[in-house]
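Structure, as structure tokens:
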Number of protein chains: 2
Amino acid sequence: MTGLNETHDPALRSWVASANEPAGDFPIQNLPFGIFRRRGAGEPWRGGVAIGNQVLDLAAVARIAPFEGMAGRALQSASADRLNGLMALGPAAWSQLRLALSRALRQGAKEQPLLENCLVPQAQAEHEVPALVGDYTDFYTSIHHATNIGRQFRPDNPLLPNYKWVPIGYHGRSSSLGISGEAFARPQGQTMAPGAARPAVGPSRRLDIELELGIWIGAGNARGEPIPIDRAEEHVFGISLLNDWSARDIQAWEYQPLGPFLSKSFATTLSPWIVTLEALEPFRAPLERPDGDPSPLQYLDSPQVRSRGAFDIALQVELQTARMGQAGIPAASISTTNYRHAYWTAAQLVAHHTVNGCNLRPGDLFGSGTLSGPTLAQAAALIELTEAGKHPVQLPGGETRTWLEDGDTVTLRGRCERAGAARIGFGPCTGTVLPARG
Amino acid sequence: MTGLNETHDPALRSWVASANEPAGDFPIQNLPFGIFRRRGAGEPWRGGVAIGNQVLDLAAVARIAPFEGMAGRALQSASADRLNGLMALGPAAWSQLRLALSRALRQGAKEQPLLENCLVPQAQAEHEVPALVGDYTDFYTSIHHATNIGRQFRPDNPLLPNYKWVPIGYHGRSSSLGISGEAFARPQGQTMAPGAARPAVGPSRRLDIELELGIWIGAGNARGEPIPIDRAEEHVFGISLLNDWSARDIQAWEYQPLGPFLSKSFATTLSPWIVTLEALEPFRAPLERPDGDPSPLQYLDSPQVRSRGAFDIALQVELQTARMGQAGIPAASISTTNYRHAYWTAAQLVAHHTVNGCNLRPGDLFGSGTLSGPTLAQAAALIELTEAGKHPVQLPGGETRTWLEDGDTVTLRGRCERAGAARIGFGPCTGTVLPARG
């Protein structure tokens, strides 16, 4: 990465007035990419950039006020119906496009009169999963989540022996990835009650959330050619929020010996905006490792990983029940955590995923795994927050939740704040549980 | 499915003379689909059908002698660079295209003079993975494989309690799917030797094969809408051979608690030809279930599944070492088994995969799982054949194998034979192990 540059200057202001409001997610220092169209207008999907409460229509910019050189080629790629082409171009092109967008959106930019015609209010936009995801891999990077879950099965020995050596991951389902604002039916499946003679089939009764980040792969690698740790971040385009909805009762019965399957594959919800790694540059943090833990193996280690491989992203889970919504009670925060607590960095995930020669492709997606922090209040799934049902979550309005109920809406939020940098955010990642199909 | 029809008539002969040789895989009763081009000719990929030792070029047929009606539309779809479009059309279109091809390729067909210009010798063809695979799911349908593997970890209780209820499966890696004839570097990764204090990183020393079938999904389903068992086969386009290469030492260290990952994702090899379910119609078999085993749960059960849900496909694994090749010793058979021993049918896999609302898409791929039969000679992986190294496989020329060595070439074969039906085959599925990347 290029480090800090003029696009990060906290003094920058945009001629899009809403981008200059101090509490907003999308100031000119952010410039996240997504796929959008005007809702109900029969328009094609195309790339856009969030700026304040607007979307800058990149296909319109490419027509009306195209950029020159590498930024222009990147702009053209970003005008397509998915971002895979832009992702394939690599970090130099992404950075040139970001710089051109930053300059064109600044107060006083000569492009303002043309680009004013390229704005769509976010309130009028709908979104699609921003890339065709060839493969979706879900990791398990929070040692706190792994410990909390492990304790429920093995109180004396919660963490498995491989955890501190192997960035544990498994393949997830691409087809059921969806975008913020979606609703999905409670999944049905096999469950085995304790002491029962045979499994039952029906709606899951232990539906849960998992607060994760989605890490988007940019340029890929050829099969057989591992990506070395020092080059790994060059292959990461950016980061979204991701809710890995999980049916715990289905999971408990199905997961031995090959891992979770139908307990996860019914729906996974992404936020529409991908915050680029370059936008996250001011929020780097050192790798958190308790004293006495083993050093990462050589293919997973570098000075860069240790000193600045993590990202300080504050994360939150909000829940609003149907009854709260009807009573006008806003969504309640049930967990706050931070990505900097992850045991493995994004670069380590890339290096590990490819060490065996596995090829990544532009638009591949990694889930970070549930990002629980060190305390119980930082647990990022209900199974942890409630200790598998022992302590239901208390909600304003008097309701409690052990597991999700029909009509519940969950919203994930993420933001980065640091002295000397402009605050940036991810926008919401929202999903609603519908009753099981009759 | 439509049952037997004129395309299955064993008396049919083709004007392509090589299709009438009795020991061939591709008589006129087979007509499997694949993607091909002439090797080194700079041609586009397009659909083809294997007939004798030739490929019928479907794009050429669509230009020169197009079919009418639904068969014509299917032919047009099959002319594309991948078969996803054909797969999406559903069984009525597949069947109409098969019927038109069968009639046009028969002795005496009026189309012969035109179609003779649409043949490419298989010896001149190269192949690609026949569809863009949105998701690849690997199952575990051989109870004999599950028992053999489980016995190595739990001698007294080899089979887990969920096995006879749940068609166990997990997500596999799509990006590293390759086509017969490929070679791949031995994967590197983390392994933990017994008693070692820390893991080592290096080339796998326990590289194995898994003889599987690849089940190709045709028309998909909408997210949230399960496919009922009685309609499940309508969503299956056909079947290929599949070698799920596995690094057992990497797998043993990484797989807890989320399942196999890098131990499998370096390469998975498919045979180029997809034998349609309609071509397999004469080779149906009843579901094999030992007395006393539980009945399948309702969403996995039907009279059709029980009486004719399985397929009688004889399968074989052949191994040729580099030294055998140099000495002119042909590949040796090291295992023979049969798909009819699978505990779960293809229809049951479809119904199970979608019971939670997960959406399948045209071109999705299921692996059957390692198809070991009831006896040790029918074991379909070295870890079973050698009992994890205790009894190396003896090869002609004096070599032995516990695990695969560099230069080894593995070939899978499949064929269907039954009195009163024409024999059909799958063509070879071959892959070669190269040394690890230096």
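The chains referred to below are lettered A, B, ... by the order of the sequence lines, with proteins before strands, and numbering in each begins at 1.
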Open item on the list: Walk me through whether B/Y299 and A/Q188 qualify under side-chain contact (heavy atoms from CB on, under 4.5 Å).
Closed with: CA-CA 11 Å; B/Y299 77 100; A/Q188 313 225 27; over 6 Å; no

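- Heavy-atom pairs under 4.5 Å with chain A were tallied for B/F184, B/Y255, B/Y140; the largest tally goes to B/Y140.
- Under 3.5 Å, the side chains of B/N359 and A/S176 contain no donor-acceptor pair of N or O atoms.
- Side-chain atoms of B/L297 and A/Q190, non-hydrogen and from C-beta on, do get closer than 4.5 Å to each other.
- Taking all atoms of both residues into account, the shortest heavy-atom contact from B/G189 to A/V355 is CA-CG1, 4.5 Å.
- For B/I168 against A/P257, the heavy-atom pair with the smallest separation is CG2-CD, 4.3 Å.
- Taking all atoms of both residues into account, the shortest heavy-atom contact from B/A183 to A/R223 is O-NH2, 3.9 Å.
- Of the two parts of B/V166, the backbone and the side chain both hold a non-hydrogen atom closer than 4.5 Å to a non-hydrogen atom of chain A.
- Heavy atoms only, all atoms of each residue included: A/R173 and B/C358 are closest at NE-SG, 3.4 Å.
- Contact count against chain A (heavy-atom pairs under 4.5 Å) is highest for B/P199 among B/P199, B/G134, B/P226, B/S263.
- Chain A forms more heavy-atom pairs under 4.5 Å with one residue of B/D135, B/I250, B/T354 than with any other, namely B/D135.
- No side-chain donor-acceptor contact under 3.5 Å links A/S175 and B/D364.
- Here the closest non-hydrogen pair linking A/N162 and B/Q256 is ND2-O, 3.0 Å.
- A donor-acceptor contact shorter than 3.5 Å links the side chain of A/N356 to the backbone of B/L262.
- Annotation: maximal heavy-atom pairing with chain A below 4.5 Å, among B/A185, B/S174, B/P161, occurs at B/S174.
- Taking the six-membered ring for Trp, B/H171 and A/Y170 have ring centres at least 6.0 Å apart.
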